[in-house]
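Below, read A as the first sequence line, B as the second, and so on, with proteins coming before strands; counting in each chain starts at 1.
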Amino acid sequence: EADIYQTPRYLVIGTGKKITLECSQTMGHDKMYWYQQDPGMELHLIHYSYGVNSTEKGDLSSESTVSRIRTEHFPLTLESARPSHTSQYLCASSPDDHNEQFFGPGTRLTVL
Amino acid sequence: KNQVEQSPQSLIILEGKNCTLQCNYTVSPFSNLRWYKQDTGRGPVSLTIMTFSENTKSNGRYTATLDADTKQSSLHITASQLSDSASYICVVSVIMNTGFQKLVFGTGTRLLVSP
């Protein structure tokens, strides 16, 4: 079982609210990632980080932002949630690019 | 068109039977190929990672094969158990010109093992 945690597991909110999805790992991994996955569809990378103070956008455009102030913490923020943001958000970490990525349990977000 | 295609989309087998899942990919340059298992509502868990020089890799009852020439991989599950019911995702790792290793995910095969 990987030591990577995501909170909340489920979130239902109204349009226009600001939300932060939390992700933390205790494995000391430098690389962290955020993926978006719609039901029955493939995962798409929306953000990644090489380490502290490093953040990059992935190949799926997202209105969310991320920060990496501490190695173990990689939160994702939506300033103003919309129904189109409804999806599952998965956080992952790895010691480097060549090893497996360890995934958290995901946050299922529903925006009404 | 997805660069990682999996078949079948879904599969139902009886407990104790074997099955083989297929993956065809077109992405390049290829770094490695991974198979993940994803239970409903959970994050994916890695089963195998293979570089282009490896033809086969096993993890318990799971055996993955790779043919880098034809760009095909398969995942064979032996003596299936009810707990094998999940989505199985083929993931190809591509090296970008920035040096970043990007994962390209298939849509998965949804396996249901029936008692």
- Item | B:L112, CG atom: more than 12 neighbouring heavy atoms under 6.0 Å | yes
- Query: Side chain, backbone, both or neither: which part of A:Q6 has an atom under 4.5 Å from a heavy atom of chain B?
  - Reply: neither
- Note on the structure: Closest non-hydrogen contact found for A:E42 with B:F105 is CB-O, 3.5 Å
- OG (B:S87) and CD (A:Q37) are apart, to the nearest 0.5 Å, by 8.0 Å
- Item | Structural part of A:L43 lying under 4.5 Å from a heavy atom of chain B | both
- How many angstroms lie between atom CG of A:L45 and atom NZ of B:K102, to the nearest 0.5 angstrom? 8.0 Å
- Task: Quick one: do B:L103 and A:Y35 satisfy side-chain contact (heavy atoms from CB on, under 4.5 Å)? Show the steps, please.
- Result: CA-CA 11 Å; B:L103 299 186; A:Y35 293 91; 3.7 Å; yes
- Under 6.0 Å from the NZ atom of B:K17, do we count more than 12 heavy atoms belonging to anything else shown? no
- Item | Within 6.0 angstrom of A:I69 CD1, more than 12 heavy atoms from elsewhere | no
- Cut-off 4.5 Å, heavy atoms of chain A, and the answer for B:Q38 is side chain
- Give a yes or no on whether B:L82 and B:L14 share a hydrophobic cluster (residues Ile, Leu, Val, Met, Phe, Trp, Tyr; joining criterion: side-chain heavy atoms under 4.5 Å apart). no
- Contact leader toward chain A among B:G41, B:S46, B:P44, where contacts are heavy-atom pairs under 4.5 Å: B:P44
- Any link between A:L90 and A:F74 through a network of hydrophobic side chains (Ile, Leu, Val, Met, Phe, Trp, Tyr) touching at under 4.5 Å? no
- Note on the structure: Nearest heavy-atom approach of B:R42 to A:R9 is NH1-NH1, 3.4 Å
- Indicate if A:Y89 and A:Y5 have the same hydrophobic cluster label, given that clusters are the connected sets of ILVMFWY residues with side-chain heavy-atom separations under 4.5 angstrom. no
- Query: Would a hydrophobic clustering, with Ile, Leu, Val, Met, Phe, Trp and Tyr connected at side-chain separations under 4.5 Å, put B:W35 with B:V45?
  - Reply: no
